[in-house]
Amino acid sequence: MPFDDSSFDLVWSLESGEHMPDKTKFVNELMRVAAPGGRVIIVTWCHRDLELGEPSLSKKEEKILAKINRAYYLPKWCSVDDYCKLLEKEGAVDIKREDWSYIIAPFWKAVIKS
C-alpha cells in the first residue's frame with residue numbers, strides 16, 4: 001500500500017481479504033500501516049475453522065468454494081483462525097473475532113446458485 005509505516009490508528013479492511021492470493025502479505029501490510037497501539041479490523045469471507053486434527057475441509061466444502069471462487073475470480077480462502085495466527089505472528093495483541101455467518105447465511109444459497 002502506498003502509505004508510510006505506522007500511518008493509521010485504525011486500519012479497516014472490508015471484503016478485501018478474499019481477493020488477496022497471499023494472505024500473509026495482506027496481513028503484513030495491514031499491520032505495517034497500523035500505528036503502534038492502533039486497531040486493525042478485517043471483515044472478509046472465510047471458510048470455517050478446522051477441527052483439531054482435521055487436515056482440511058471436506059471434498060464437498062472444497063468443491064463449493066471452488067465454484068464460488070471461479071464465479072467471483074477469487075483465490076483460495078482461509079479461516080478466521082488462520083487470520084488470527086497471521087495477526088499473532090505480526091505481533092497483534094488482544095485479538096477479537098466475531099462470527100457473522102448467521103447473518104449472511106440466508107444469502108449464500110443465492111451466491112452459490114449464481
Side-chain angles (χ1 to χ4, degrees):
M1 291 187 282
F3 304 108
D4 293 335
D5 294 358
S6 305
S7 293
F8 303 101
D9 293 325
L10 173 64
V11 179
W12 171 265
S13 171
L14 177 63
E15 293 192 353
S16 301
E18 67 270 18
H19 298 278
M20 306 300 168
D22 187 336
K23 307 302 190 226
T24 300
K25 185 175 180 182
F26 169 61
V27 170
N28 291 352
E29 278 296 286
L30 296 176
M31 292 295 291
R32 181 187 67 77
V33 299
R39 294 180 182 213
V40 174
I41 299 173
I42 303 171
V43 181
T44 191
W45 298 7
C46 296
H47 65 65
R48 68 173 177 81
D49 290 338
L50 299 177
E51 299 293 330
L52 186 62
E54 186 180 28
S56 64
L57 296 172
S58 70
K59 290 193 183 292
K60 181 180 178 180
E61 291 168 326
E62 291 283 2
K63 185 177 178 181
I64 291 169
L65 287 177
K67 185 176 180 180
I68 294 168
N69 291 348
R70 278 192 307 276
Y72 291 94
Y73 304 98
L74 298 173
K76 192 169 177 139
W77 298 13
C78 67
S79 69
V80 175
D81 189 53
D82 293 331
Y83 275 114
C84 289
K85 289 175 183 171
L86 290 171
L87 288 162
E88 287 172 353
K89 187 176 175 185
E90 286 300 307
V93 295
D94 195 25
I95 298 170
K96 295 177 177 63
R97 55 184 287 167
E98 183 72 30
D99 183 356
W100 292 0
S101 61
Y102 70 95
I103 296 169
I104 58 134
F107 305 101
W108 273 103
K109 285 184 183 180
V111 170
I112 292 168
K113 285 182 182 178
S114 69

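What you see is a predicted model; the values in this text were computed from it and never measured.
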I'd like to know whether Ile95 forms a side-chain contact (heavy atoms from CB on, under 4.5 Å) with Tyr83, so could you lay out the CA-CA distance, the side-chain angles of the two residues, the decisive distance to 0.1 Å, and finally the verdict. CA-CA 10 Å; Ile95 298 170; Tyr83 275 114; over 6 Å; no
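- Atom CD1 of Ile64 is separated from atom CD of Glu62 by 10.5 Å, given to the nearest 0.5 angstrom.
- From Glu18, atom CD reaches atom CE of Met20 across 8.5 Å, with rounding to the nearest 0.5 Å.
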Test side-chain contact (heavy atoms from CB on, under 4.5 Å) on Met1 and Leu30; report intermediate values, then the result. CA-CA 9 Å; Met1 291 187 282; Leu30 296 176; 4.3 Å; yes
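- Taking hydrophobic clusters as Ile, Leu, Val, Met, Phe, Trp and Tyr residues chained together by side-chain heavy-atom distances below 4.5 Å, Trp77 does not share a cluster with Val27.
- In summary, Asp94 and Lys96 engage in a salt bridge, as defined by a charged side-chain N under 4.0 Å from a carboxylate O.
- Using a 4.5 Å heavy-atom threshold, the side chains of Trp12 and Val43 count as touching.
- Between Pro106 and Ile103, the shortest heavy-atom distance links the atoms CD-O, 3.4 Å.
- Between the side chains of Asp81 and Ser79, no donor N or O sits under 3.5 Å from an acceptor N or O.
- Within a 6.0 Å sphere centred on CZ of Arg39, other residues, nucleotides and ligands contribute 12 heavy atoms or fewer.
- Atom CE in Met31 sits 10.0 Å away from atom OG in Ser6 (nearest 0.5 Å).
- Residues passing the salt bridge (charged side-chain N to carboxylate O under 4.0 Å, His left out) test with Asp9: none are found, sequence neighbours excluded.
- Leu86 places none of its side-chain heavy atoms less than 4.5 Å from the side chain of Phe26.
- Taking 4.5 Å as the limit, every side-chain heavy atom of Lys76 sits out of range of all side-chain heavy atoms of Leu65.
- In the hydrophobic cluster analysis, where Ile, Leu, Val, Met, Phe, Trp and Tyr join through side-chain heavy atoms closer than 4.5 angstrom, Tyr102 is grouped apart from Val80.
- Between Arg97 and Leu87 the shortest side-chain heavy-atom distance does not fall below 4.5 Å.
- The hydrophobic cluster containing Ile104 also contains Tyr72, counting ILVMFWY residues as joined when their side-chain heavy atoms lie under 4.5 angstrom apart, directly or transitively.
- Across every non-hydrogen atom of Trp45 and Glu15, the tightest pair is NE1-OE2, 3.6 Å.
- In this structure, CG in Leu14 is found 11.5 Å from CD1 in Ile42, a value given to the nearest 0.5 Å.
- Judged as a side chain to side chain donor-acceptor pair (under 3.5 Å), the pairs with a partner in residues 20-30 (not counting sequence neighbours) are, in order, Glu29-Arg32.
- Closest non-hydrogen pair, Asn69 versus Pro75, comes out as ND2-O, 3.4 Å.
- Val40 and Ala34 get closest at one heavy-atom pair: CG2-CB, 3.8 Å.
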